[in-house]
Amino acid sequence: MFLFDSHAHYDDHRFEEEFNGGTHGAIMKAHSEGVAWIVNVGSSLASSERSVALAEKYDFIYAAVGIHPSDAQRVPANEIDRTLYEIEKMASHEKVRAIGEIGFDYHWDGTDYERQAYFFDAQMEIARRVSLPVVIHTRDAMGDTLDLLSRHPDVLGVLHSFSGSAETARQLSAKGWYISFSGPVTYKNANKVKEAAVIVPEDKILIETDSPYLPPVPHRGEMNYSGYIKHTCQAVADIRGKQFDEMAEITTSNAKRFFAIK
């Protein structure tokens, strides 16, 4: 059994502070349980740097670098240009395989729409220049996300931890976008997510943990880690009428293609 966790955050302090064995313990436990590859995804300049460091330390970890929309709002105005420059510079690293996570997040009070849009647009341009795919975060902002993506037809990527409609998943995958499912696809009342998991073409579906967040059933309320991706894989397999091993092979093959991993 070989599984691919296409989106994790092992640079998060919670692993070192809360997981038995710390960050290294969590990573190696997952690896021993059949998670053959992990992509650690940046959300700020500092976490992107930590993602690259993790990719350098573990041969089965790769990195994505980018500024999450919520983190974009915390970048001082006089640091914006330098921050984007550093992201583009990091993108040349041999183990950086995507720009992300980037996008819109309108969930919280005090959303700075203009700042989020500026960073989203700028990082889509970076992805175009460096010929890398993007990892998209969208929360309560699907309409604006689709509008901005449409302005960058030369850039493709994945919508991570997908929570949109089946129709949106169908439209995006038809244009070449990948759709990734995380813990919520295992939740009892996540009907919209499950409908989307049915509609995505076989060659465009990914799975992830988004660890330490969004733990799947039966581990809700716990700290998530890549070993729990087996539950997401099983849920997607059941939804699509596949066997577990078949779904693991499909999603791993797709992730390796997406991230250009041999």
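- Under 4.0 Å is where a charged nitrogen must lie from a carboxylate oxygen, and between Glu88 and Arg129 at least one such pair does.
- No side-chain heavy atom of Tyr187 sits less than 4.5 Å from a side-chain heavy atom of Val193.
- Classification of Arg82 and Glu79 as a salt-bridged pair holds, one side-chain N sitting under 4.0 Å from a carboxylate O.
- Separation of the Phe258 and Tyr178 ring centroids falls under the 6.0 Å cut-off.
- Residues Phe120 and Met142 share a single hydrophobic cluster, defined by chaining ILVMFWY side chains whose heavy atoms lie under 4.5 Å apart.
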Check the pair Phe15 / Tyr10 against ring-ring contact (aromatic ring centres under 6.0 Å, His included), numbers first and verdict last. CA-CA 7 Å; Phe15 283 105; Tyr10 282 101; 4.5 Å; yes
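- No side-chain N or O of Ser51 forms a donor-acceptor pair with one of Ser48 less than 3.5 Å apart.
- More than 12 heavy atoms of other shown residues, nucleotides or ligands fall within 6.0 angstrom of atom CD in Glu18.
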Using the side chain to side chain contact (heavy atoms under 4.5 Å, CB included) rule, take Phe244 and Cys233 through it: C-alpha gap first, then chi angles, then the decisive distance, then the call. CA-CA 7 Å; Phe244 176 92; Cys233 184; 3.7 Å; yes
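- In this model, no donor atom of one side chain and acceptor atom of the other lie less than 3.5 Å apart for Glu208 and Ser6.
- Judged by distance alone, the side chain of Arg97 and the main-chain N or O of Ala260 form a donor-acceptor pair under 3.5 Å.
- Remark: Met28 CE to Thr23 OG1 distance equals 13.0 Å, nearest 0.5 Å.
- Note on Lys242 versus Glu202: salt bridge recorded, some NZ/NE/NH1/NH2 to OD/OE distance being below 4.0 Å.
- Nearest heavy atom pair, residue Ala91 against residue Ile99, reads CB-CD1, 3.8 Å.
- A parallel orientation is assigned to the rings of Trp37 and Phe4, their planes being inclined by less than 30° (bins at 30° and 60°).
- Note: Ile250 CD1 to Asp245 CG = 11.0 Å, rounded to the nearest 0.5 Å.
- Taken together through direct or relayed side-chain contacts under 4.5 Å among Ile, Leu, Val, Met, Phe, Trp and Tyr, Val155 and Val65 form part of one hydrophobic cluster.
- In this structure the side chain of Glu195 never reaches within 4.5 angstrom of the side chain of Ser165, judged on heavy atoms.
- For Phe60, the CZ atom is densely surrounded, since the number of other residues' heavy atoms within 6.0 Å is greater than 12.
- Atom OG1 of Thr252 is separated from atom CG of Asn254 by 8.5 Å, given to the nearest 0.5 angstrom.
- For the atom pair OH of Tyr62 and CD1 of Ile38, the computed distance is 12.0 Å after rounding to the nearest 0.5 Å.
- Rounded to the nearest 0.5 angstrom, His68 NE2 and Gln116 CD are separated by 8.5 Å.
- Between Pro69 and His137, the shortest heavy-atom distance links the atoms CG-CD2, 3.9 Å.
- Judged by distance alone, with hydrogens and angles left aside, the side-chain atoms of Glu101 form no donor-acceptor pair with the main-chain N or O of Ile136 at under 3.5 Å.
- Between the Arg170 side chain and the Pro201 main chain, no donor and acceptor come within less than 3.5 Å of each other.
- Side-chain heavy atoms closer than 4.5 Å link hydrophobic residues (I, L, V, M, F, W, Y) into clusters, and following such links, even through other members, never connects Val35 to Leu214.
- Cluster membership for Leu54 and Met223, using ILVMFWY side-chain heavy atoms within less than 4.5 angstrom, is shared.
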Worked verdict on Val41 versus His160 for side chain to side chain contact (heavy atoms under 4.5 Å, CB included): CA-CA 11 Å; Val41 181; His160 104 90; over 6 Å; no
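- Going from atom CG of Asp105 over to atom CZ of Arg139 covers 5.5 Å, rounded to the nearest 0.5 Å.
- In terms of modelled atom types and a separation under 3.5 Å, the side chain of Ser47 and the main chain of Ser43 share a donor-acceptor contact.
- The shortest distance between side-chain heavy atoms of Leu206 and Thr251 does not fall below 4.5 Å.
- Under the 3.5 Å distance criterion, the side-chain polar atoms of Arg257 are matched with a main-chain donor or acceptor of Asp203.
- A donor-acceptor contact shorter than 3.5 Å is absent between the side chain of Ser226 and the backbone of Asp5.
- Linking Ile, Leu, Val, Met, Phe, Trp and Tyr whenever their side-chain heavy atoms come within less than 4.5 Å leaves Tyr85 and Ile126 in two separate clusters.
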side-chain hydrogen bond (donor to acceptor under 3.5 Å, both in side chains) assessment of Glu222 paired with Tyr228: CA-CA 11 Å; Glu222 300 178 21; Tyr228 290 163; 2.7 Å; yes
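- Here the rule is ring-ring contact (aromatic ring centres under 6.0 Å, His included) with His24, and of Tyr225, Phe19, Tyr58 only Tyr58 fits it.
- For Leu84 against Gln123, the heavy-atom pair with the smallest separation is CD2-CG, 3.8 Å.
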Does the side chain to side chain contact (heavy atoms under 4.5 Å, CB included) test come out yes or no for Ile179 and Ile205, once each step is laid out? CA-CA 5 Å; Ile179 307 293; Ile205 191 167; 5.8 Å; no
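- Salt bridge status for Arg14 with Glu17: absent, with no side-chain N to carboxylate O gap under 4.0 Å.
- Of the candidates Thr138, Thr168, Leu172, Thr145 forms a side-chain contact (heavy atoms from CB on, under 4.5 Å) with just one, namely Thr138.
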Can you check side chain to side chain contact (heavy atoms under 4.5 Å, CB included) on Val134 and His152, steps first, answer last? CA-CA 11 Å; Val134 291; His152 295 271; over 6 Å; no
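- The environment of OH in Tyr113 is crowded: more than 12 heavy-atom neighbours from other residues, nucleotides or ligands sit within 6.0 Å.
- A donor-acceptor pair under 3.5 Å links the side-chain atoms of Thr186 to the main chain of Val217, judged by distance alone.
- Across every non-hydrogen atom of Leu148 and Met124, the tightest pair is CD2-CG, 3.8 Å.
- Under the 4.5 Å side-chain criterion, counting only non-hydrogen atoms from C-beta, Asp12 is in contact with Tyr213.
- If you check the side chains of Asp238 and Gln234, you find a donor sitting under 3.5 Å from an acceptor.
- No side-chain donor-acceptor contact under 3.5 Å links Lys204 to the backbone of Gly176.
- For Gln73, the CD atom sits in a packed shell: over 12 heavy atoms of surrounding residues, nucleotides or ligands are nearer than 6.0 Å.
- In this structure a side-chain-to-backbone donor-acceptor pair under 3.5 Å is missing from Lys95 to Val52.
- Residues Ser70 and Trp108 share a closest heavy-atom pair of OG-CD1, 4.1 Å.
- Contact detail for Gly157 and Pro133: the closest heavy-atom pair is CA-CB, 4.1 Å.
- Under the 3.5 Å distance criterion, with hydrogens and angles disregarded, no donor-acceptor pair is assigned to the side chains of Asn40 and His9.
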Carefully, step by step, assess Tyr106 and Phe104 under the rule ring-ring contact (aromatic ring centres under 6.0 Å, His included). CA-CA 6 Å; Tyr106 295 171; Phe104 286 129; 5.4 Å; yes
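- Other residues, nucleotides and ligands place no more than 12 heavy atoms under 6.0 Å from the CG atom of Asn20.
- Put simply, the side chain of Asn224 gets close to the backbone of Thr209: a donor and an acceptor are under 3.5 Å apart.
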